[in-house]
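The residues of the chain are indexed from 1 along the displayed sequence. Just so you know, these numbers use all the heavy atoms, side chains as well, and skip hydrogens, waters and symmetry mates.
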Amino acid sequence: MEITETEKIRDISEIKKRVEELKREKDAVILAHYYVDGEVKKMADYTGDSFYLAQTAHKIKNRIIVMAGVKFMGESVKILNPDKKVLMAEGSADCPMAHMTTEEEIMKVKEEYDDLAVVSYVNSTAEIKALSDACITSSNALMVISALKEKNILVIPDKNLGNYIREKIKDKNIITLDGCCPVHAEYRKDSLLKLKEEYPDAMVLSHPECRKEILELSDYTGSTSGIIKTAGESENQEFIIFTESGITDELEDLKKDERNKLKKFIFPEGFICADMKRITPETLIETLENEINEVVMQVDLRKKASKPLERMLVLGE
């Protein structure tokens, strides 16, 4: 029997009510990334990009933290909150890019350069963070790397972010490996040119995880929060957006302002992170009800990984 829209709304309303009850009972807080399901974000206490979530996680006092995001985000929260119980809203949600760099590759580069800093994108495993001198996000990469004293900077795992940094910071030798975000890196120049032909007056906003050929045709390149901010402040009325379509919710919220009510946001077809979309209101409530998908980490690994994350928070302010 097909479920009606009214029944769906009732179910979501009931889930939201129960989630609020569980948060109070268990002294829990929910963090959500921009890319997750819109209904999940409505139940979250804090929503944002990786840097914002890391900053927020560092200050949380609640006993339980639920991360509505992918695995590396849950690990980062645990690293910054060793005494908290950290739960993943969906245990199977992972980031392929986070696993694209190995210890062997890092050690090989270290052998080639004496004056080297290893800088890991926050989208990396705890094990890779533990081998790093500093972490970065797309929001603070330029600020953090500019502040490092080393001339040679190994940026891992995302080569596209590394290439973007290389173009912006000329006095550093930026070294990259072969990692990338499978979603952002899928899109090529021809897909953007087709959209520009259809929407010639549109402003192009892109994430630095995209290929160089996309960034070269963009009017603005920056983090998800930067893209949202730029779309809200620009006088333009049409925008071609090259990042995960989960930020549609935040972009549509901009229309509540009279200045933005006619704005149109265009995404290339299929710009979706399947892992982020594994997180649903149902998985969220199951996690909270049963306190499952706990992030567990060895003390030694956590301590090593905390140093580059803490350094990022200081340099990236």
Side-chain angles (χ1 to χ4, degrees), residues 29-35 46-62 64-88 93-95 97-103 105-106 110 116-150 153-158 161-162 165 174 177 179 181 208-209 223-226 294-317:
V29 65
I30 299 171
L31 306 182
H33 192 273
Y34 281 133
Y35 297 166
Y46 303 96
T47 298
D49 61 10
S50 296
F51 184 47
Y52 171 77
L53 294 176
Q55 287 178 309
T56 302
H58 200 44
K59 304 169 184 175
I60 284 175
K61 305 298 183 184
N62 301 69
I64 293 176
I65 303 173
V66 181
M67 182 68 242
V70 292
K71 186 178 179 182
F72 77 80
M73 296 176 180
E75 288 181 340
S76 296
V77 172
K78 183 63 178 179
I79 290 166
L80 295 170
N81 295 273
D83 299 326
K84 308 291 185 185
K85 190 170 192 176
V86 179
L87 310 175
M88 295 298 299
D94 204 351
C95 172
M97 178 169 61
H99 303 277
M100 290 184 184
T101 300
T102 66
E103 180 178 353
E105 288 175 312
I106 295 171
K110 280 190 170 185
L116 178 76
V118 178
V119 176
S120 60
Y121 197 14
V122 74
N123 305 40
S124 58
T125 64
E127 287 78 10
I128 294 301
K129 287 183 176 74
L131 298 171
S132 305
D133 297 293
C135 287
I136 54 172
T137 69
S138 54
S139 296
N140 63 30
L142 301 179
M143 189 182 300
V144 171
I145 289 176
S146 295
L148 298 176
K149 70 180 191 310
E150 290 84 358
I153 312 292
L154 173 61
V155 177
I156 50 176
D158 187 10
L161 176 63
I165 294 167
I174 305 298
L177 300 175
C181 168
E209 289 178 19
S223 65
T224 43
S225 58
E294 183 175 0
V295 179
V296 179
M297 196 175 299
Q298 293 181 346
V299 174
D300 185 54
L301 173 61
R302 186 199 64 75
K303 288 182 177 179
K304 288 179 180 177
S306 70
K307 293 178 182 178
L309 265 179
E310 296 277 2
R311 194 175 187 190
M312 176 191 77
L313 292 172
V314 172
L315 296 178
E317 283 292 346

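Using a 4.5 Å heavy-atom cutoff, the side chains of Met312 and Phe51 are in contact. With a 4.5 Å cut-off on side-chain heavy atoms, Leu31 and Thr56 count as touching. Side-chain atoms of Met88 and Asp94, non-hydrogen and from C-beta on, never get closer than 4.5 Å to each other. Looking at Leu177 and Thr102, their side chains never come closer than 4.5 Å, going by heavy atoms from C-beta outward. Within the 4.5 Å cutoff, no side-chain heavy atoms of Met67 are placed close to those of Val295. Taking 4.5 Å as the limit, every side-chain heavy atom of Met73 sits out of range of all side-chain heavy atoms of Val77. Counting only heavy atoms from C-beta outward, the side chains of Met143 and Leu315 never approach each other to under 4.5 Å. Within the 4.5 Å cutoff, side-chain heavy atoms of His58 are placed close to those of Glu310.
When all heavy atoms of Ala54 and Leu80 are compared, the pair lying nearest together is O-CD1, 3.6 Å. Of all heavy-atom pairs spanning Ser223 and Pro208, the tightest one is N-CD, 4.4 Å. The minimum heavy-atom distance between Pro157 and Ser124, with the atom names listed, is CD-CB, 4.2 Å. Shortest non-hydrogen contact noted between Ala126 and Leu301 is O-CD1, 3.7 Å. When all heavy atoms of Lys84 and Lys61 are compared, the pair lying nearest together is NZ-O, 2.7 Å. Closest heavy-atom contact between Gly162 and Ile174: O-CG2, 3.5 Å.
Looking at Lys304, its side chain never comes within 3.5 Å of a backbone N or O of Lys129 through a donor-acceptor pair. Looking only at distances, a side-chain donor or acceptor of Asn81 sits under 3.5 Å from a matching main-chain atom of Ala57. Side chain of Lys110 to backbone of Leu116: no donor-acceptor contact under 3.5 angstrom is found. Looking only at distances, no side-chain donor or acceptor of Lys78 sits under 3.5 Å from a matching main-chain atom of Val296. With Asp133 contributing its side chain and Val119 its backbone, the two residues share no donor-acceptor pair below 3.5 Å.
The side chain to side chain contact (heavy atoms under 4.5 Å, CB included) test with Val122 is passed by exactly one of Asp49, Ile136, Leu309, Leu53: Leu309.
For the 3.5 Å distance criterion, the side chains of Ser120 and Ser132 qualify, holding a donor opposite an acceptor.
Note: Ser50 OG to Tyr35 OH = 8.0 Å, rounded to the nearest 0.5 Å. Note that the OG atom of Ser138 and the CD1 atom of Ile165 stand 9.5 Å from one another [nearest 0.5 Å]. The OH atom of Tyr121 sits 8.0 Å away from the SG atom of Cys181 when rounded to the nearest 0.5 Å. Atom CE of Met100 sits about 11.0 Å away from atom CG of Asn123, to the nearest 0.5 Å. Here Glu127 contributes atom CD and His99 contributes atom NE2; the two are 9.0 Å apart, rounded to the nearest 0.5 Å. The distance from atom CD1 of Ile153 to atom CD1 of Ile145, rounded to the nearest 0.5 Å, is 6.0 Å.
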Is there a side-chain contact (heavy atoms from CB on, under 4.5 Å) between Val118 and Ile156? Walk through the geometry before answering. CA-CA 8 Å; Val118 178; Ile156 50 176; 3.8 Å; yes
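Surrounding NZ of Lys71 are at most 12 heavy atoms belonging to other residues, nucleotides or ligands under 6.0 Å away.
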